[in-house]
Amino acid sequence: MFKLYNTLTRAKDEFAPIAAPAVGLYTCGPTVYNFAHIGNLRTYVFEDVLRRALARFGFKVKHVMNITDVGHLTSDADTGEDKMELGARREGKTAWDIARFYTEAFTADCRRLNVLAPDVVCKATDHIPEMIALVRRLEEKGVTYRLADGIYFDTSKFPAYGAMARLDIDGLEAGARVEMVEGKRNPTDFALWKFSPKDKQRQMEWDAPWGRGFPGWHIECSAMSMKHLGEQIDIHCGAVDHIAVHHTNEIAQSEAATGKSPWVRWWVHGEFLVLDKGKMAKSGGGFITLDAVIKKGFDPLAYRYFLLQAHYRSQLMFSWEGLEAAANGYRNLRETVLGLKEQLPVASSQLPVGKPATDNCQLTTGNYGERFDDAVADDLNMPRALGTLWEALKDGGLSAAAKLALVAHAEPVLGLGLDRVEAEKPAEVPADVAELAERRAAARKSKDFAAADVLRKELAAKGYEVEDRPGGKWLVKRK
RNA sequence: GGCGGCAUAGCCAAGCGGUAAGGCAAGGGUUUGCAAAACCCUCAUACCCCGGUUCGAAUCCGGGUGCCGCCUCCA
């Protein structure tokens, strides 16, 4: 039984899709006006784990993710500038170039984190006709109105507005310090279509029945998810910051257009990665990219391991010390797996990925495979799943083969690259370093340890460390 | 001001009424010419504080205190 927390019900409900085993999964993708930071990436890793878990439990997932390349303003209050145009000006390129560049950067980050590519990646700018059609549909339902700067959704025409977010509309109005667009009937109303400004030329604009302009930010997710997944979908993901505005508006426009409810059966939201002095944001300090993590010498998968150690619905505090600890744990995990592989005959040392642990080793793997799956099935409790794996790996009652079978069972869900762990290759070292190491080995062989130690120091001076291995072998590593 | 969440060892973290998973760090030991690795062992009478419910509470309830998030650009 796969239980998944649903923001709609605020409870862990047993997951059941509309047409099992098929599952339609829509995840809110990036706005490609800048690099993703590691907080952004936390959300995509969580969604990846969800997708892998669904596969584990026998579901056939169709995963759709959007790329927001137009219409996302610097303020959700329908004011401010389009982030894409802003990025273009900042970098002296076209908005289209900016979109292409950051989409590629994002895709590369995901690949490095072992995040599976969605089945469909769709760009907002490729779906302008679909968005216009959806706005027309809303118009026919009489829930829109026109202002000087665009077409707006009248949230008072949708009685269930804000239900998922449990918004206190009156409280919102009372505490509103949002600058409001002139003429909005309700503070919560939002733009469906914005007109191009009269005084300047936009790089991205299209003709629509109401006038030349560009789509509001929210409409893209409704239009694209309907196109690729139908008018009702099983799961829609994003991070918690989207609950109050973006997803609330998506629900309003989608359900108002189709008359079908619920539009989304499971809303699943990931929590933020936070810094000791607050959340990670693209503005201000603390904008850490995956590149920065790699430049500090960390394996991107060590960051993935770091994320997996916390539950996706808990805020996770990022610190370099914490990442260091995770990297150590991840390295130990890989070395444990490597050690197990070395204990097996060559032929069977290939990790049979995806093969259930119960296949041949039912009697010997204990119930670890089951416990691992139970943890995953309990609202993606990856910290517990990881704990179970560690417990199994340290269980003296299990054979190396059984442990490897468990690793193979866990890897398709974890995505930590444990299926391609290989012995550390001797580092490429300069000839003089190799020669020193050879001479030291010879000195050791003839028990001239004083000479050996001198040579060790010489190697250290050149920045290399030598480790002796069984059988007279050694390994030279960069310090 | 309104809404929501969280407080568990040096650090991260699970726990969802039945007597504290796991990882990192630390300490001890075995082994090794040295070093590293490996292996073994140790590491919360205790879960922010005060009350209450219960045979029994880290877990439920009430009241504090402290952090954090959203409502404003965020994933």
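Atoms considered below: every heavy atom in the structure, side chains included; atoms not considered: hydrogens, waters and symmetry mates.
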**Student:** Identify, with sequence neighbours excluded, every residue that meets ring pair (Phe, Tyr, Trp, His ring centres under 6.0 Å) alongside Phe372(A).
**Tutor:**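 Phe372(A): no ring pair (Phe, Tyr, Trp, His ring centres under 6.0 Å) contacts found.
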
**Student:** Are any protein N/O atoms closer than 3.5 Å to N/O atoms in nucleotides 21-23 of chain B? If there are, list each pair with its distance.
**Tutor:**
| residue | atom | partner | partner atom | Å |
| --- | --- | --- | --- | --- |
| A21(B) | O2' | Glu391(A) | OE1 | 3.1 |
| G23(B) | OP1 | Lys394(A) | NZ | 2.8 |

**Student:** Taking protein heavy atoms under 4.0 Å as touching, what does nucleotides 26-31 of chain B look like 5' to 3' if B marks base contact, S marks sugar-phosphate-only contact and - marks none?
**Tutor:** ------

**Student:** Just jot down the ring pair (Phe, Tyr, Trp, His ring centres under 6.0 Å) partners of Tyr368(A), sequence neighbours excluded, or say none.
**Tutor:**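 Result, ring pair (Phe, Tyr, Trp, His ring centres under 6.0 Å) vs Tyr368(A): none returned.
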
**Student:** Partners of Asp373(A) by side chain to side chain donor-acceptor pair (under 3.5 Å), sequence neighbours excluded?
**Tutor:** Arg56(A), His409(A)

**Student:** Could you pull out all residues at least two apart from Thr248(A) that satisfy side chain to side chain contact (heavy atoms under 4.5 Å, CB included)?
**Tutor:**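 Only Tyr161(A), Ala165(A), Leu167(A) meet the side chain to side chain contact (heavy atoms under 4.5 Å, CB included) criterion with Thr248(A).
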
**Student:** What residues form a side chain to side chain donor-acceptor pair (under 3.5 Å) with Asn332(A), not counting sequence neighbours?
**Tutor:**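 Per chain and number, Asn332(A) pairs via side chain to side chain donor-acceptor pair (under 3.5 Å) with no residue.
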
**Student:** Go through the structure and list residues passing side chain to side chain donor-acceptor pair (under 3.5 Å) with Thr107(A), not counting sequence neighbours.
**Tutor:**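 Listed in chain order: nothing, the list is empty.
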
**Student:** Can you name the residues that form a side chain to side chain contact (heavy atoms under 4.5 Å, CB included) with Val120(A), not counting sequence neighbours?
**Tutor:** Lys62(A), Val64(A), Cys122(A), His228(A)

**Student:** Go through the structure and list residues passing side chain to side chain donor-acceptor pair (under 3.5 Å) with Gln253(A), not counting sequence neighbours.
**Tutor:**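 Applying side chain to side chain donor-acceptor pair (under 3.5 Å) to Gln253(A) gives Ser222(A).
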
**Student:** Quick test of your reading: applying salt bridge (charged side-chain N to carboxylate O under 4.0 Å, His left out), list the pairs with at least one residue in residues 310-329 of chain A, sequence neighbours left out, ordered by first then second residue.
**Tutor:** Arg313(A)-Asp379(A)

**Student:** What protein N or O atoms touch nucleotides 33-37 of chain B N or O atoms at under 3.5 angstrom, if any, and at what distances?
**Tutor:**
| residue | atom | partner | partner atom | Å |
| --- | --- | --- | --- | --- |
| G33(B) | O6 | Arg440(A) | NH2 | 3.3 |
| G33(B) | O6 | Arg444(A) | NE | 3.4 |
| G33(B) | N1 | Asp453(A) | OD1 | 2.9 |
| G33(B) | N2 | Asp453(A) | OD1 | 3.0 |
| G33(B) | N2 | Asp453(A) | OD2 | 2.4 |
| C34(B) | O2 | Arg456(A) | NE | 3.4 |
| C34(B) | N3 | Arg456(A) | NH2 | 3.2 |
| C34(B) | N4 | Asp468(A) | OD2 | 2.3 |
| A35(B) | N1 | Asp468(A) | N | 3.1 |
| A35(B) | N3 | Arg456(A) | NH2 | 3.1 |
| A36(B) | O2' | Glu467(A) | OE2 | 3.1 |

